Amino acid sequence: MSLFSKLNQIKDLRQQGKTLQNQLSQESVTLEKQGVILTMDGNQKITQLEINPELLVAEKKSKLEELLKDLHNEAIGKIQRLMVEKMRANKDFKIPGLS
């Protein structure tokens, strides 16, 4: 395979990646747990975070920290599964050497 051909593959892959990223930016997941609501978009950015004021006291600091970690990790997992589904659904998305 020539260098020119490899460069074209890289260019196509970058374009496919940008298309996937744009599609994912339109997706989001919202999770709620014990008074904390977290929304994350498909690019793994937290777009909304709501915390019940009752959790904003010193005595519940460790509980709130655990809730935030759990929700964040769960949201990332859901977004990653969504990303895989989108990649599988897009028949044009092919990674050289893996497809």
Side-chain angles (χ1 to χ4, degrees):
M1 182 177 279
S2 73
L3 180 60
F4 183 71
S5 180
K6 286 201 181 268
L7 289 173
N8 277 339
Q9 278 185 334
I10 292 170
K11 180 181 171 189
D12 291 344
L13 189 58
R14 287 184 71 189
Q15 185 57 44
Q16 292 170 7
K18 286 180 183 180
T19 300
L20 180 62
Q21 188 175 24
N22 287 338
Q23 289 173 347
L24 287 170
S25 71
Q26 305 301 310
E27 302 286 340
S28 69
V29 296
T30 299
L31 303 167
E32 188 276 329
K33 192 181 226 179
Q34 300 177 25
V36 178
I37 301 171
L38 181 138
T39 301
M40 181 178 285
D41 71 14
N43 289 316
Q44 299 181 359
K45 290 188 171 55
I46 295 174
T47 57
Q48 186 174 356
L49 178 64
E50 294 180 35
I51 301 172
N52 184 325
E54 293 176 8
L55 293 171
L56 298 174
V57 293
E59 298 82 29
K60 296 188 179 181
K61 179 182 182 286
S62 62
K63 178 182 178 178
L64 178 58
E65 290 170 344
E66 283 301 313
L67 284 170
L68 290 172
K69 283 193 299 187
D70 290 347
L71 285 172
H72 183 259
N73 290 335
E74 189 176 337
I76 286 178
K78 286 186 177 228
I79 291 297
Q80 288 173 341
R81 286 188 293 279
L82 181 65
M83 187 183 312
V84 169
E85 289 173 20
K86 292 274 185 195
M87 288 172 71
R88 285 184 179 150
N90 185 352
K91 302 296 182 199
D92 294 331
F93 195 84
K94 301 208 183 320
I95 298 176
L98 296 179
S99 304

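These numbers come from a predicted model, not from an experiment.
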- E32 meets the salt bridge (charged side-chain N to carboxylate O under 4.0 Å, His left out) criterion, sequence neighbours left out, with none
- Note on the structure: CD1 of I10 to NZ of K6, rounded to nearest 0.5 Å, is 8.0 Å
- Message: Quick check on the hydrophobic clustering: are L56 and L49 connected, directly or via other members, by side-chain heavy-atom contacts under 4.5 Å?
- Response: yes
- Query: With Q34, which residues qualify under side chain to side chain contact (heavy atoms under 4.5 Å, CB included), at least two apart?
  - Reply: K63, L67
- Task: Measure the CD-OG1 distance between Q21 and T19 for me, rounded to the nearest 0.5 Å.
- Result: 10.0 Å
- Message: Test question: given the 4.5 Å side-chain rule for I, L, V, M, F, W and Y, name all other residues clustered with L7, or answer none.
- Response: L3
- Which pair of heavy atoms, one from L55 and one from L64, lies closest together, and at what distance? O-CD2, 3.9 Å
- Message: Under the side chain to side chain donor-acceptor pair (under 3.5 Å) definition, can you give me all pairs with a residue in residues 64-79, not counting sequence neighbours?
- Response: K61-E65, E66-K69
- Item | Set of residues satisfying side chain to side chain contact (heavy atoms under 4.5 Å, CB included) with respect to K45, sequence neighbours excluded | D41
- Query: What distance separates L82 CG from L24 CG, expressed to the nearest 0.5 Å?
  - Reply: 6.0 Å
- Looking only at heavy atoms, the pair that brings L31 and A75 closest together is CD1-N, 3.4 Å
- Query: Of the non-hydrogen atoms in M83 and Q44, which two are nearest, and what is the gap between them?
  - Reply: CE-NE2, 4.3 Å
- Under the side chain to side chain contact (heavy atoms under 4.5 Å, CB included) test, which residues partner S28, sequence neighbours left out? T39
- Could you give the distance from CD (Q23) to CE (M87), rounded to the nearest 0.5 Å? 11.0 Å
- What pair of heavy atoms forms the shortest contact from S25 to N43, and how long is it? CB-ND2, 3.2 Å
- Report the C-alpha distance between Q26 and N22 in whole Å, list the side-chain angles of each, state the deciding distance to 0.1 Å, and finish with yes or no for side-chain contact (heavy atoms from CB on, under 4.5 Å). CA-CA 7 Å; Q26 305 301 310; N22 287 338; over 6 Å; no
- Treat each ILVMFWY residue as a node, draw an edge where side-chain heavy atoms are under 4.5 Å apart, and state whether I51 and V29 are in one component. yes
